[in-house]
Each structure stands twice: as C-alpha cells, then as structure tokens.
Amino acid sequence: MRHRRHRRDLPDWHRRFGLILPQPGFDVLVIGAGPAGSAAAITAARGGLRVALLDKAAFPREKLCGGGVTARAHAYARDVFGDLPEALFHVSRAVRFSSGGQTLGQLDPAPPIYMTMRLGFDAELRARAIAAGAVDLCGQRLVDCAPEAGRVTLAGGESLTAPLVIGADGVHSGVARALFGRAQDVASIGFALEAEVPGGPGPVTDLDLTALPWGYGWDFPKPQGRTLGIGGIAVQDKDLRPRFHDWLRARGVDPASVKIKGHHLPSGASRAVPGRGAVLLAGDAAGLVDPITGEGIAWAILSGRLAAEAAAEALRAGAPRSALARYQARMEPIRAELSRARFLAQVVYHPLLQPRLLRALAGSDHLQRRYLALLAGEMDYADLGLRRMAGVVWRVLRGHGARSP
C-alpha cells in the first residue's frame, strides 16, 4: 500500500504549530525532479515501490536549457511517460550549420528536433510521476543529505528514510558532493549563457560551430520565440559575457533588451562509477551530457529509468547495495557512447583540425546528415567505428574533398 499523506498535505495549523507526524519509510528517495528524477520516480512507482520525489524547487520552475529535445530524447520520453501534449513543442525540421555569420550548410528537411520550454516540459514529466504514485515532496529544501545512510532531512524538520537513494539533482548535485566531495570536475565542467527572445519562432535551427573555441552557439525556434545561447568548457572559453553580447548583436538582438542567464553543465566527463552502494546518480548528476552535441535530456531520461529498474531488482533480491553493480551494467552502452564522444571532441575542437573539419562539413552533405543522425539518435558513435573515425581525421588532415566554405 502506497503512502500518500505527508506533511505538505497537512492542514495549516499543523504547520503553524510545528506538529510533525511520524513518517513511514520509503523504498526509494529520488532527489531531483527534472527529467532524470521524474523518469526514475515514475518507473519505480509503476514497479510497486514506495517513492518520495524531492526537489528544492516548486514546479513549474524555470530551467536554463536550450530546450532542444532530439528525436532520441523524444522517443525515450514517450517510452517512459507516454505521449506528451503537442502544445509543449515546436517541431523544427530545418537545420543550418554556420560559422559566425556564414552558412556552412543547411538541411531541409532534417530529422525533427522538438523544441520546448523547460518550464512546461519538466512540469509535465513530474506531474506524470506524481500521478503514477510517487509522493510529492517538491518545493522543500534539504537541510541534511546523508545518502549513504539512506536519510534526508527537510527544512520543515521531517526526516525521510529509504534503503535506496537516486540522486538526480543536476550539475551541482548535493548527493554527488556527499559521496565524493564535489559534484563535477572543475577542469572539464562547461558553462553556458542564454537569453530568451520573445516573438514568433525562427524558420530554422541554427548551430554556430565556431561561437567559442571549445563550444558552439545555438539559435533555437520555440513556441513563444527563440532561445539563443553559447556554451563551452569553462576553463577553455574565457570572456563569455562580452563574446555573447557580440554574438547576440550579430543576430540582431540588443543584449540590453534581454535577460541573460548563465549556468554550468556537464561536458561529457561522466563518472566511471555513478554512485556508491545503494546510492545511484542519474542525468547531469552523473555527468551524462554529450560533449559534441550538448544533448543531455535523452541520457537523463534513460539513466533515470535504468536507475529505478536497478533499484527495484536489488530490492527484490533483498540486497539494496547490489543496486550500483546492476545499474552500472545497464549503463555501460551510455558510458561507451560518451567515451567515444569525448575522443571525437578532442579532434573536433583541436585548434589545428577545426578549420579543416569545418571546410569538410561545408563541402559535404553526407557529413552534415551524419551529424544530425547522431543528434537524432538514428545512429551512434559506435556506428562510426574507431578505424573509420581515424580515417575521417586522416582525410581531413590531407585536405581530401575539402574546399573553402
């Protein structure tokens, strides 16, 4: 029998006088209610587990993110949450590759990208997790997080316990800090600046591949306007704000007319061990972002689902601490993909190779389509093969088939 009545549901006089009722334990505490946490919560709840879903934010809440839901991410979301409202998305089917103000290539039609505002997207996913039976404890700050002890304490004084904890609390994960002393490697962490420009959606998705030496820029059409941003490796790409101001002006946007926000993001440095014992990390908390495409929503949803499946299996076996080994086995294909992506990123962003790669991209519809196929999930980096990847680099270095954009 699932427990549904918690302190958030108590009458106001209980809160006013600080009355705290005894709380039964849960099977799983899911910390973080973004795509990874909501995927974990809905999967665990549907599997019959007693799930608490926690987040310091009350939903709907703003989330800094380009909001490009690739075909891969959209498919994972549909598999886990069911069909999503069409009104959440503006479907973009035209993609332009650019370098500064110069077009390198444009594909129309291209694989669809489901552009969304995270305000509505995340709220929808979380709502479906709650409807499936997860107990809603969002909008409450954690004052103590002891994941290895299976315990958290809320600002209101409640102490919640469970034999398993899933940390899906983002790039600055408190669960990861409690386990490892820090959430991310400062040498590899990314940083992005973004601005929302109201109005009608633009005609194409624009990817500026040279907006930063170790990153790229994006101009994403949305249902209510456009999301413009640049992002790269924080320690490599300096002076981001003046660069972003110049980049916006080049696109006809006055920096003074928009609200500019910044945020950190993982850059593909996924954890070799995504947790410890009965504590699992998913999504950004585990560093699951493609360093080339910047895609993280797909891996967030998939990793959340896999974490919940591993948790359920471990509990059925009566061995909660076996959850991590079960999770790692399920996660191996994702980790292998991100490892290949990191290797390729060193090539793509190498200062000597990048100009030649851009010329090759400008002169090859085939390369453009393969990039979008990777982004859409129609193919994986594994499909390229290390030998083929090395061959591509060698041909680019020799200048075969390359011409000026």
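FYI, the numbering just counts along the sequence from 1.
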### Message
Under the criterion side chain to side chain contact (heavy atoms under 4.5 Å, CB included), I'd like the reasoning laid out for Ile113 against Val91: C-alpha separation, chi angles, the key distance, then a yes or no.
### Response
CA-CA 6 Å; Ile113 303 177; Val91 183; over 6 Å; no
### Message
Would Leu125 and Leu84 count as a side chain to side chain contact (heavy atoms under 4.5 Å, CB included) here? Give the steps.
### Response
CA-CA 9 Å; Leu125 303 190; Leu84 297 173; 4.0 Å; yes
### Task
Check the pair Arg276 / Glu148 against salt bridge (charged side-chain N to carboxylate O under 4.0 Å, His left out), numbers first and verdict last.
CA-CA 8 Å; Arg276 183 180 290 163; Glu148 289 188 274; 3.3 Å; yes
### Query
Taking it one step at a time, do Leu338 and Arg342 satisfy side chain to side chain contact (heavy atoms under 4.5 Å, CB included)?
CA-CA 6 Å; Leu338 290 177; Arg342 286 196 300 274; 4.0 Å; yes
### Task
Step by step, work out the side-chain hydrogen bond (donor to acceptor under 3.5 Å, both in side chains) result for Thr205 and Ser92.
CA-CA 7 Å; Thr205 294; Ser92 174; 2.7 Å; yes
### Task
Under the side chain to side chain contact (heavy atoms under 4.5 Å, CB included) rule, what do Asp108 and Val204 come out as? Steps first, then yes or no, please.
CA-CA 9 Å; Asp108 185 1; Val204 300; 5.8 Å; no
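No cation-pi contact links Arg249 to Trp247, judged by a cut-off of 6.0 Å to the six-membered ring centre and 45° from its axis.
In the model, Glu194 has a side-chain atom that pairs as donor or acceptor with a side-chain atom of Trp218 under 3.5 Å.
A donor-acceptor contact shorter than 3.5 Å links the side chain of Asp55 to the backbone of Ala33. No donor-acceptor pair closer than 3.5 Å links the side chain of Thr116 to the backbone N or O of Phe89. Counting only distance, with no hydrogens or angles, the side chain of Arg326 and the backbone of Ala312 share no donor-acceptor pair below 3.5 Å. Distance alone, capped at 3.5 Å, is enough to place a donor-acceptor pair between the Gln368 side chain and the Leu361 backbone. Put simply, the side chain of Ser322 gets close to the backbone of Ala319: a donor and an acceptor are under 3.5 Å apart. Listed for the Asp380 side chain is no donor-acceptor partner under 3.5 Å among the backbone atoms of Ala382. Formation of a donor-acceptor pair under 3.5 Å by the Glu313 side chain with backbone atoms of Arg316 is not found in this model. A donor-acceptor pair under 3.5 Å links the side-chain atoms of Ser173 to the main chain of Val175, judged by distance alone. For Arg177 (side chain) and His172 (main-chain N/O), a donor-acceptor pair under 3.5 Å exists by modelled atom type. In this structure a side-chain-to-backbone donor-acceptor pair under 3.5 Å is present from Lys222 to Gly66.
Between Ser303 and Gly283, the closest heavy-atom pair is OG-N, 2.9 Å. Of all non-hydrogen atoms in Ala44 and Ala308, the two that sit nearest each other are N-CB, 3.8 Å. Of all the heavy atoms in Leu315 and Pro163, the pair that sits closest is CD2-CG, 3.8 Å. For the residue pair Ala298 and Arg72, the shortest heavy atom distance occurs at CB-CD, 3.7 Å. Considering every non-hydrogen atom in both Val51 and Ala45, the closest pair reads CG2-N, 3.7 Å.
Looking at Arg330 and Glu309, a side-chain N of the basic residue comes within less than 4.0 Å of a carboxylate O on the acidic one, giving a salt bridge. Arg96 and Asp206 are joined by a salt bridge, as a carboxylate oxygen and a charged side-chain nitrogen come within less than 4.0 angstrom of each other.
Using a 4.5 Å cut-off on side-chain heavy atoms (C-beta onward), Tyr216 and Ile230 make no contact. Using a 4.5 Å cut-off on side-chain heavy atoms (C-beta onward), Thr70 and Ile297 make no contact. Two residues are said to be in side-chain contact when any heavy atoms from C-beta on lie closer than 4.5 Å; Leu193 and Lys261 fail this criterion. No side-chain heavy atom of Ile166 sits less than 4.5 Å from a side-chain heavy atom of Ile31. Residues Pro274 and Tyr327 meet the side-chain proximity criterion, which asks for heavy atoms closer than 4.5 Å. When side chains are defined from C-beta on, Arg126 counts as touching Asp136, because their heavy atoms get closer than 4.5 Å. The shortest distance between side-chain heavy atoms of Arg243 and Asp246 does not fall below 4.5 Å. Using a 4.5 Å cut-off on side-chain heavy atoms (C-beta onward), Arg151 and Asp144 make contact.
Tyr371 has its ring centre less than 6.0 Å from the ring centre of Phe97.
Distance check, rounded to the nearest 0.5 Å: CG of Leu49 to CG of Leu164 gives 8.5 Å. One finds the CD atom of Gln102 at 9.0 Å from the OG1 atom of Thr210 (value rounded to the nearest 0.5 Å). In this structure, Leu374 CG and Leu372 CG are separated by 9.0 Å, a value rounded to the nearest 0.5 Å. Between His74 atom NE2 and Leu88 atom CG the span is 8.5 Å, to the nearest 0.5 Å.
Other residues, nucleotides and ligands place more than 12 heavy atoms under 6.0 Å from the CD atom of Glu332.
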